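Let me begin by presenting the structure, written as structure tokens, before commenting on it.
Bear in mind the structure is a predicted one, so any value in this text is a computation, not a measurement. Just so it is clear: chains get the letters A, B, ... in the order the sequence lines come, proteins before strands, and each one is counted from 1.
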There are 2 protein chains.
Amino acid sequence: MNPNSCGHYDPSAKDMQQLCISLVPIFNHLQPEEMKEIAATTKSARYERNGQIYGAGDRSAHLYIVHRGRVKLYRLSESGKEQLIRILEPGDFMGELALFSETVLDCYAVAMEKTELCTIQRSDLQEILMKYPAISLKIMEEFSRRLEQTEKQVSSLTSADAEGRIAAYLVQLAKKVDAHVHTITLPMTKKDLASYLGTTPETLSRKLAEFQERGFIEQTRQRDIRVLNIEALSAMRTK
Amino acid sequence: MNPNSCGHYDPSAKDMQQLCISLVPIFNHLQPEEMKEIAATTKSARYERNGQIYGAGDRSAHLYIVHRGRVKLYRLSESGKEQLIRILEPGDFMGELALFSETVLDCYAVAMEKTELCTIQRSDLQEILMKYPAISLKIMEEFSRRLEQTEKQVSSLTSADAEGRIAAYLVQLAKKVDAHVHTITLPMTKKDLASYLGTTPETLSRKLAEFQERGFIEQTRQRDIRVLNIEALSAMRTK
DNA sequence: TTGTTACCTTGATCTGCATCAATAAATGAA
DNA sequence: TTCATTTATTGATGCAGATCAAGGTAACAA
């Protein structure tokens, strides 16, 4: 699917496009002229909240790089249930499968808020990669990070129960923020989080209530949680 | 871990090493001289059945390419249970995480049979990739394939029950072999397969027995299964 | 060959959590 | 602001499958 058919292409914002290139990790190590050259091959696209970037069944041959905003990637199961794959933040990219194999996309990409993407066409990117091999190294770095992350997700699904997975997720989030504050904000709805963790909203809700009961956490607002006892949560992975 | 400390390094088999390079998909598209150049930087290592190639906690900076034999990659859960990540066959590679990030390995690699690997050092590979950018494209292709595969595994763990996952696995195997024969051989023990599918050997055994009861399959020898009704199995994914 | 070990199978039990249902609360649009 | 829709919570119920146990079988080493 051409991004222009959903989003808005703004041909006048050349500087902004270059900015996009200079912001994302896979390109921001290049020389200014190199960036300029690449920027010339990219297009920019904007999406409103809930705007669909692509859907299952599309045949895209683009690499999408998130410049601003957030994108939700999900699959639909047989029964129509939404399974969250991951959330992309600025600097992340998607669509790479279509770049290397001639496959049909099997998941949906939707903007979670006002979002701006850079897109690069398959053929253009391949030329760029042949010319600037260092970019490939960056992309592979990102690939391996994501592969590691996804493999760990498989591990946690097979080796921990729902309670353990939820606890581990909170610990992981808490460790990212300031070590003393430990107030975290869930990056998505609890419904989506439940899907991501391989459980249901009901179970997630119950487990969080139980953690609070036991004094491990305190739920302040809708998606804000203060972690009070990170050790107890850490000790929770079972099996 | 240096492969030479576990396996046997055979410095006289230069031709064999070159052969190794010429056999794996990420290198076999190169010109003969290019292959020769790369072969000069690789080492060969042999492992006996059950020989450990590396273990969790090791700090490897090698890319391992399977030349002959099969390698089992697994993680140990908190409780010491083995979780199978994947099985590598000739042409597959592993250890790529260590090539791009300075992380400690968190899984085990063990030869399932007499196995021969090529190893390339991190620094050597990075030089090669900068010199021959086409290799990076091949590696990224493989990365994206694996990422897709792993993401699908996550999907199946969250969206299908054990019965559905087992059925889907059989279908997938059956589709790989000759369409008319439909006799498949499990590539691993049922214990490992259960781990891979996120269930227990007991459940796997029971479900296979049930499938046989219902006439969908026929279990011949230990790991041989004749698929009699692939449609019924396909229709089994639930949720 | 024999012994040893690991693997597989079947039975009985028990529990974690999905599911269905019914409010309540929050969010975004108008 | 108000209304409509999505999201979150809490209760009651049922079942798939994990776990424990024990006997049978295949694989491998000596």
Side-chain angles (χ1 to χ4, degrees), chain A residues 48-51 72 77 79-84 110-114 156-167 185-213 217 219-225 236-239, chain B residues 48-51 72 77 79-84 110-114 156-167 185-213 217 219-225 236-239:
Chain A
E48 293 303 316
R49 181 188 160 81
N50 291 327
K72 179 161 94 171
S77 74
S79 60
K81 225 171 90 180
E82 205 174 276
Q83 307 164 50
L84 195 141
V110 168
M112 297 175 75
E113 53 200 70
K114 215 168 172 22
S156 86
L157 283 168
T158 59
S159 79
D161 53 22
E163 181 172 281
R165 296 198 299 273
I166 294 167
T185 300
L186 302 179
M188 53 188 131
T189 65
K190 288 181 180 169
K191 179 171 164 280
D192 282 342
L193 181 57
S195 157
Y196 181 73
L197 295 175
T199 182
T200 58
E202 294 93 327
T203 296
L204 177 59
S205 191
R206 273 185 258 268
K207 288 302 174 186
L208 289 178
E210 188 193 320
F211 290 167
Q212 176 156 325
E213 192 84 14
I217 65 170
Q219 302 191 68
T220 52
R221 277 208 323 285
Q222 185 79 273
R223 291 191 209 165
D224 288 358
I225 292 173
M236 202 137 246
R237 350 165 209 228
T238 47
K239 276 196 192 173
Chain B
E48 292 303 317
R49 180 187 161 82
N50 292 326
K72 179 162 93 170
S77 73
S79 59
K81 224 171 91 181
E82 206 175 274
Q83 306 163 51
L84 196 141
V110 168
M112 297 175 73
E113 52 200 70
K114 216 167 168 26
S156 86
L157 283 168
T158 59
S159 79
D161 53 23
E163 180 172 282
R165 297 198 299 272
I166 294 166
T185 300
L186 302 180
M188 53 188 132
T189 65
K190 288 182 180 167
K191 180 172 164 280
D192 282 342
L193 181 57
S195 156
Y196 182 73
L197 295 176
T199 182
T200 58
E202 292 95 328
T203 296
L204 176 59
S205 190
R206 272 185 259 268
K207 289 300 174 187
L208 288 178
E210 188 194 321
F211 290 166
Q212 176 156 325
E213 192 84 12
I217 65 169
Q219 302 191 67
T220 52
R221 277 209 321 286
Q222 185 79 274
R223 290 189 210 167
D224 288 357
I225 293 174
M236 202 137 247
R237 356 167 205 223
T238 47
K239 277 197 192 176

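When rounded to the nearest whole Å, the span between CG of A/Leu208 and C1' of D/dA8 equals 11 Å. The nearest whole Å value for the distance from the CD atom in B/Glu210 to the P atom in C/dT9 is 14 Å. Spacing between atom CD of B/Glu213 and atom C1' of C/dT10 amounts to 13 Å, rounded to whole angstrom units. When rounded to the nearest whole Å, the span between CD of A/Glu82 and C1' of D/dT6 equals 12 Å. Rounded to whole Å, atom P of D/dA18 lies 13 Å from atom CG of A/Leu157. Atom-to-atom, NZ of B/Lys114 to P of D/dC28 comes out at 15 Å; the value is rounded to the nearest Å. In this structure, A/Glu48 places its CD atom 14 Å from P of C/dG28, rounding to the nearest Å.
What you find for A/Gly198 and B/Thr158 is that their closest heavy atoms are CA-CG2, 3.5 Å.
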Quick one: which protein N/O atoms are closer than 3.5 Å to N/O atoms of nucleotides 11-16 of chain D? Pair and distance per line, please.
residue : atom : partner  : partner atom : Å
D/dG11  : N7   : A/Arg206 : NH1          : 2.9
D/dG11  : O6   : A/Arg206 : NH2          : 3.4

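Residue B/Thr189 places no side-chain N or O under 4.0 Å from the OP1 or OP2 atom of C/dC7. Of the side-chain N and O atoms in B/Thr200, one or more sit less than 4.0 angstrom from OP1 or OP2 of D/dA18. Contact annotation: B/Lys190 side-chain N/O to C/dC8 OP1/OP2 distance is not under 4.0 Å. Put simply, B/Ser205 has a side-chain N or O that comes within less than 4.0 Å of OP1 or OP2 on C/dT9.
The side chain of B/Gln222 has C/dC8 as its nearest neighbour among C/dT27, C/dT10, C/dC8. Side-chain atoms of A/Thr203 lie closest to C/dC17 of the nucleotides C/dC17, C/dC7, D/dA8. Which of C/dA18, D/dA26, D/dC28 sits closest to the side chain of B/Arg49 comes down to D/dC28.
Of the possible donor and acceptor atoms, one in the side chain of B/Ser195 sits under 3.5 Å from a partner among the backbone N and O of B/Leu84. With hydrogens and angles disregarded, no donor-acceptor distance shorter than 3.5 Å links the side chain of B/Gln219 to the backbone of B/Gln212.
Annotation: of the two residues near DNA chain C, A/Thr199 and B/Gln219, the 5′-most nearest-nucleotide partner is B/Gln219.
Interatomic distance, NZ of A/Lys72 versus CG of A/Asp192, reported as 3.5 Å (0.5 Å rounding).
For the helix from C/dT9-D/dA22 to C/dA30-D/dT1, the axis fitted to the five pairs at one end and the axis fitted to the five pairs at the other end meet at an angle of 60° (nearest 10 degrees).
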